[in-house]
Structure formats: structure tokens, C-alpha cells
> 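I have a structure I would like to understand better, so I am pasting it below and will then ask my questions one at a time.
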Protein chains: 2
Amino acid sequence: MAGKAAEPGVIWARPERTGRGPRPAYTRADIAAAAVRIADAEGLDAVSMRRVAGELGCGTMSLYNYVPRKEDLYELMVDAVSAEHELWGPAGDWRADMRRVAQQTRALMHRHPWLTRLMSPVYGFSPNALRYLEHCLTCLDPLQAPYGMKMQLVGMLNGCVTSYVATELAGAERTRSLPWSQEQENAVRIAYFGSQVATGAYPRLAAAFTEDPGPIDLEGAFELMLNRMLDAFEPRD
Amino acid sequence: MAGKAAEPGVIWARPERTGRGPRPAYTRADIAAAAVRIADAEGLDAVSMRRVAGELGCGTMSLYNYVPRKEDLYELMVDAVSAEHELWGPAGDWRADMRRVAQQTRALMHRHPWLTRLMSPVYGFSPNALRYLEHCLTCLDPLQAPYGMKMQLVGMLNGCVTSYVATELAGAERTRSLPWSQEQENAVRIAYFGSQVATGAYPRLAAAFTEDPGPIDLEGAFELMLNRMLDAFEPRD
DNA sequence: CCTAGTTACGTACACCGTACGTAGTGCGCT
DNA sequence: AGCGCACTACGTACGGTGTACGTAACTAGG
């Protein structure tokens, strides 16, 4: 008799170890690390229960003792990499601090390209997510504003960074499971785009396409977007 | 002999009908509509090749004559609902026009809650996406700025709207495939959140949680965020 | 007319998440 | 001390997925 009926529950609310029974062979950290290792090396789609169990060296179904649903495995992964966030003692310049936070988030997502796909608002309650949130609010202490607005700032910042990095990575993570290269895919897409623009139906798009882009500077563009966004929260008189 | 080797290709670049052979029984629009119908009614996870084929009334593998990979089916779906974007003749107030664009995007995503999950930068080249982009650029004609910046504005706007709506919908789409209700799930998560905050480790989070939120006005909050964002692109002197 | 390229679709394969049953293990309670 | 229960471990099995491939019917171009 084992069949525990499926029930709603956050994985963080279950204790990792209860008194009874043999001691678990793996910790949650072990499992998360294994899953992250696979996702980093072979892409998110390579992360399956069987694969993770294999990486750990245990039977597939044993994993379910630790992780009730695959969804929870994802949650573990997001929390695990969230621990990479550096939490410093803010110096008093909230704009500079938030810029640094955003830069780190971006770097994190570059290190773990699958993160943008898993970034869901529902995962916002994991231990490391809470720590991260508290840190952001600490950075925002000098900003004279209600917490509601600060939360909005953090949410908007995260949203924008996520979507920005998702655009940056675009096919990179996507084409990992495909049999052809990202360059090939891009070439085909751009060719189609060019053919459409050439019809003359999209004059402004055409102009945008042929406009001299100036020196391409991804870092600079990101910094610029950040500044714009933070400007929006500067208290007005 | 049928096995066409997998090759990179945008679905929009393939002609819908070539001269030879029997005339196809369905149009791309038919297929997209069927998939959208299923996703709207039963959630994105219910959209499988078999299910769509069933909805159309044809064999599963026949679908692959129209749609080389499932990924392309997704692309069809996004393009199909993108057609719902109303494209009006801009009156000359770019801020007002962009606000309207954003409002419509939000409404669209509420009508099709699966959209936030499929919103990928790679789908930005579909016919209706191009039309939409051109429309945005037209709205931005009065804004004195290089196209590069305008593209950035549109991208940032879309990113923010997407992440905002994703937060709004949070569990709604997610819990469709789960055996318990969203309320149950939320209750459990909030309970855990409360227990963590009660430890005292997150003083600012605690304060934010207990702060009087004032009258809750989702529409207003969205409008506010929009204005903040547009402010950021107002030309400075 | 012929034939090459297309549509249609059944079968089959590898893989997925996971329900369930069974066996072994060690803590907590009586 | 020892019973019993909660836990770990894991094999098997089921219903689902995307899709490769083979075959038969069909139709427009040469």
C-alpha cells in the first residue's frame, strides 16, 4: 500500500526528511544539481525523470519519493540556480543597485539558457526567490515609495530582463533539440523576412531594416533599456 | 517513397498549395483555427497532433503534410490569433496609440491564456506579426527617434505586457491540467509564504505583505505601468 | 498518356510522466 | 524490547506523445 492520492502542495512545505524509514540517499540539492547539469549540457528537453534518475544512479520511480511531480523538479531547478544571485549590502544608490541586480539576472540566464523558459510567476515563492526579493527590497530602501510600487518595479524589471534575454538567446536554446544549426534556421527566417519586406507592404519595417544600425553593442543596449526603465520609477516632483 | 529528410524551413516560406497532386482538404487557417479552438477550450497541453487531426476529422499523419513539425503548429496558432489585432489609422498621438496597442495585446492574451506561453521572439516573423510590427511603427511616426529605438520600444512593450499578463493569469492556465483547483493551490502557496515570512527572516517582505494595498485596481495598475514605460521613451531635452 | 510529386493514412518506435504493487528498513510508541 | 507504521527503493505497466516510414490513391505538367 503506497498510492498516495495526488494533492495540492508546494514542495517547499514538505520536510526534506521525516523521522521514519531509511535515510534518503539523496538531498534535494543533489537532485536539483543533477537536473541543472543535464539542462546546461543538453538543453531543458533532455531533462526527464528517467534521465535525472539515471544521472543520480537510482531507479526512475525512486525520484518520486523526493519530487511528487515533474513540475516540482522544475521548481527545484529554478530555486537552485537562484542561489547564484549575489546578495550584497546595498550602499544607498538604488538605481545602481537595481542595475547590478539586473545585470546579474542577465548573466545568470546566459549561464543557464533554459531559465527564461522556466521563469514563471508561480515559482516566486521558493526559498531563494524570497531571499532575492528581500534583497531587492533592501536595495530599494532609499526610494521613497510604497511597497506596492517597489514590488511592481521588481516585477517589471524581472519581466523585462527575462524577455530581453529570451530575445538574445532566441534560437540558441531552441535549436538544441533540432537536427540543424541555428545559423541555418536564422538564414531561412531572414531570407523569408527579406522577401516579405521586398514586397513593399511594410515600408517602415524596410526602413528599419536598412537603417544604419551604428556600432552594435548588446551590452550597451541592455544598459540603456535598464536606465529607461529605472527612470520611469524615479520620484517626480 | 515519401520520407522527406528534415530540413530547416519557415512554414511561411512553403507555398500552401503546389500544382501537383490532389487538392489539400484543409487550409492552414482551418488547421490553426482547430488548434486554437482546442487550446481555448481545454488548455494548451490538450493540443496534440492526434487531437488536432481528430478535430479536423483526418488521420494523424495527414496533418504532417501541412505542418512539418509540431513547433510549426504553434507558430500557426500564434499567427492566427495575431490577426485579431485591430490595426487603425493612427491619429498622431503615439503615446495614446501605443497604450491602445498594449491594451489590445493584453485583451488578446486574456482571450487566449495560452498565448503568453507561446510568445517567443522566434515567432516574430509570421505574416500577422509583420503587419502588427508595421502598425506599431506607423503609430510611432510622430516620435522623433531612430528606428532602432522604436523597435526597442515595441520589444520592451511586448515583453512587459507579456510578463504582466503572465503574472495576472499565473495559475489559471497552469492548473487546467491539474486535478485540484487554483484556489487550493494558491491557498497552499500563500500558507507557505506566510509561514516563511513569519520567521522574521524577511522583514521588508513582511511589511510589503501587511501594507494596506489600497483599493485593488488591476486595470489601473496596468495603465500605470504602461505610462511609466512610455515615459521612458519620451524624448528628453 | 505517362509519370513525378502530392495527399492520405495506418503501423510502429522510442520516449514520456506516472499509477500501482511489493519488498525491505529503521524510528517512535507502547 | 519489540511491534507496527511510515518511509525508501524500484520494477512493471499504461496511456499518452511526436514522428519516421511505407503504401495506396490521385492529379497536374511534359
Side-chain angles (χ1 to χ4, degrees), chain A residues 1-7 9 11 14-28 30-31 35 38-39 42-77 174 176-180, chain B residues 1-7 9 11 14-28 30-31 35 38-39 42-76 174 177-180:
Chain A
M1 188 52 161
K4 199 68 167 303
E7 53 178 81
I11 186 156
R14 332 174 117 200
E16 211 180 331
R17 168 116 173 82
T18 57
R20 296 285 234 286
R23 39 175 21 78
Y26 314 98
T27 66
R28 243 170 231 172
D30 291 336
I31 295 171
I38 296 170
E42 302 166 46
L44 183 58
D45 294 334
V47 175
S48 73
M49 297 301 273
R50 282 171 236 261
R51 184 79 179 67
V52 173
E55 182 85 8
L56 287 169
C58 71
T60 306
M61 293 316 289
S62 307
L63 246 193
Y64 282 89
N65 284 322
Y66 303 86
V67 174
R69 301 169 324 225
K70 188 176 185 194
E71 188 78 22
D72 293 312
L73 180 62
Y74 286 152
E75 204 154 340
L76 245 50
M77 291 172 70
R174 213 179 83 83
R176 292 188 72 139
S177 52
L178 265 45
W180 52 80
Chain B
M1 187 47 165
K4 199 70 165 300
E7 52 178 83
I11 186 157
R14 329 176 118 203
E16 213 181 328
R17 169 116 173 79
T18 56
R20 295 283 235 285
R23 41 173 24 80
Y26 314 97
T27 66
R28 239 168 234 174
D30 290 335
I31 295 171
I38 295 170
E42 302 166 47
L44 184 58
D45 294 334
V47 175
S48 73
M49 297 301 272
R50 283 170 235 262
R51 185 78 179 71
V52 172
E55 182 84 8
L56 287 170
C58 70
T60 305
M61 292 316 288
S62 307
L63 245 193
Y64 280 89
N65 285 320
Y66 302 87
V67 174
R69 294 163 323 185
K70 186 172 188 200
E71 188 79 22
D72 293 311
L73 179 62
Y74 286 151
E75 203 154 342
L76 246 49
R174 213 180 82 83
S177 51
L178 265 46
W180 51 81

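Every chain is numbered from 1 and lettered A, B, ... according to where its sequence line falls, protein lines coming before strand lines.
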> To the nearest angstrom, how far is A:Y26 atom OH from D:dA9 atom P?
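Spelled out: OH on A:Y26 to P on D:dA9 is 7 Å.
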
> Rounded to whole angstrom units, what separation is found between the NZ atom of B:K70 and the P atom of C:dC16?
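In whole Å, C:dC16 P and B:K70 NZ are 16 Å from each other.
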
> For A:A46 and A:I38, which heavy atoms make the closest approach, and how far apart are they?
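Closest approach of A:A46 to A:I38: O-CG2, 3.8 Å.
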
> Taking protein heavy atoms under 4.0 Å as touching, what does nucleotides 24-30 of chain C look like 5' to 3' if B marks base contact, S marks sugar-phosphate-only contact and - marks none?
BBBBS--

> Taking only residues two or more places apart in sequence, or in another chain, which ones meet A:T18 in a side-chain hydrogen bond (donor to acceptor under 3.5 Å, both in side chains)?
none

> Would you kindly give the CG-to-P distance between A:N65 and C:dC20, to the nearest whole Å?
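It works out to 15 Å between those atoms.
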
> Which heavy atom of B:P24 sits nearest a heavy atom of B:R17, and at what distance?
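Smallest interatomic distance, heavy atoms only, reads CD-CD, 3.5 Å.
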
> In Å and rounded to the nearest 0.5 Å, what is the OH to CG distance from A:Y66 to A:D72?
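These two atoms lie 15.5 Å from each other.
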
> To the nearest 0.5 angstrom, please state how far the CG atom of A:D30 sits from the CG atom of A:L76.
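Answer for the CG-CG pair, A:D30 versus A:L76, is 10.5 Å.
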
> At under 4.0 Å, does any side-chain N or O of A:S62 touch on OP1 or OP2 of D:dT8?
no

> Counting only heavy atoms and a strict 4.0 angstrom limit, can you tell me which residues of residues 46-61 of chain B come near DNA chain C?
B:C58, B:G59, B:M61

> For residues 48-61 of chain B, which side-chain N or O atoms pair as donor and acceptor with protein atoms under 3.5 Å away, sequence neighbours left out?
unit_1: B:S48; atom_1: OG; unit_2: B:R51; atom_2: N; d: 3.1
unit_1: B:R51; atom_1: NH1; unit_2: B:E55; atom_2: OE1; d: 3.4
unit_1: B:R51; atom_1: NH2; unit_2: B:E42; atom_2: OE1; d: 3.4
unit_1: B:R51; atom_1: NH2; unit_2: B:E42; atom_2: OE2; d: 2.5
unit_1: B:E55; atom_1: OE2; unit_2: B:R37; atom_2: NH1; d: 2.6

> Send over the distance from B:L44 CG to D:dT17 C1', rounded to a whole Å.
14 Å

> Starting at atom CD of A:E16, determine the distance to atom C1' of D:dC7, rounded to an integer number of angstrom.
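Going from A:E16 (CD) to D:dC7 (C1'), I get 15 Å.
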
> Measure from CG on A:L63 to C1' on C:dA19 and round the result to the nearest Å.
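Going from CG in A:L63 over to C1' in C:dA19 covers 16 Å.
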
> Starting at atom CG of B:D72, determine the distance to atom P of D:dG18, rounded to an integer number of angstrom.
13 Å

> With rounding to the nearest 0.5 angstrom, report the CG to NZ distance, B:L73 to B:K70.
7.0 Å

> Using the side-chain hydrogen bond (donor to acceptor under 3.5 Å, both in side chains) criterion, which residues pair with A:N65? Sequence neighbours excluded.
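side-chain hydrogen bond (donor to acceptor under 3.5 Å, both in side chains) check on A:N65 returns nothing, list empty.
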
> For B:D45 and C:dC16, give me the distance from atom CG to atom P, rounded to whole Å.
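Rounded to whole Å, this separation is 17 Å.
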
> OP1 or OP2 of C:dA8 less than 4.0 angstrom from a side-chain nitrogen or oxygen of B:Y64, does that happen here?
no

> Of all residues at least two apart in sequence or in a different chain, which pass the side chain to side chain contact (heavy atoms under 4.5 Å, CB included) check with B:P22?
none

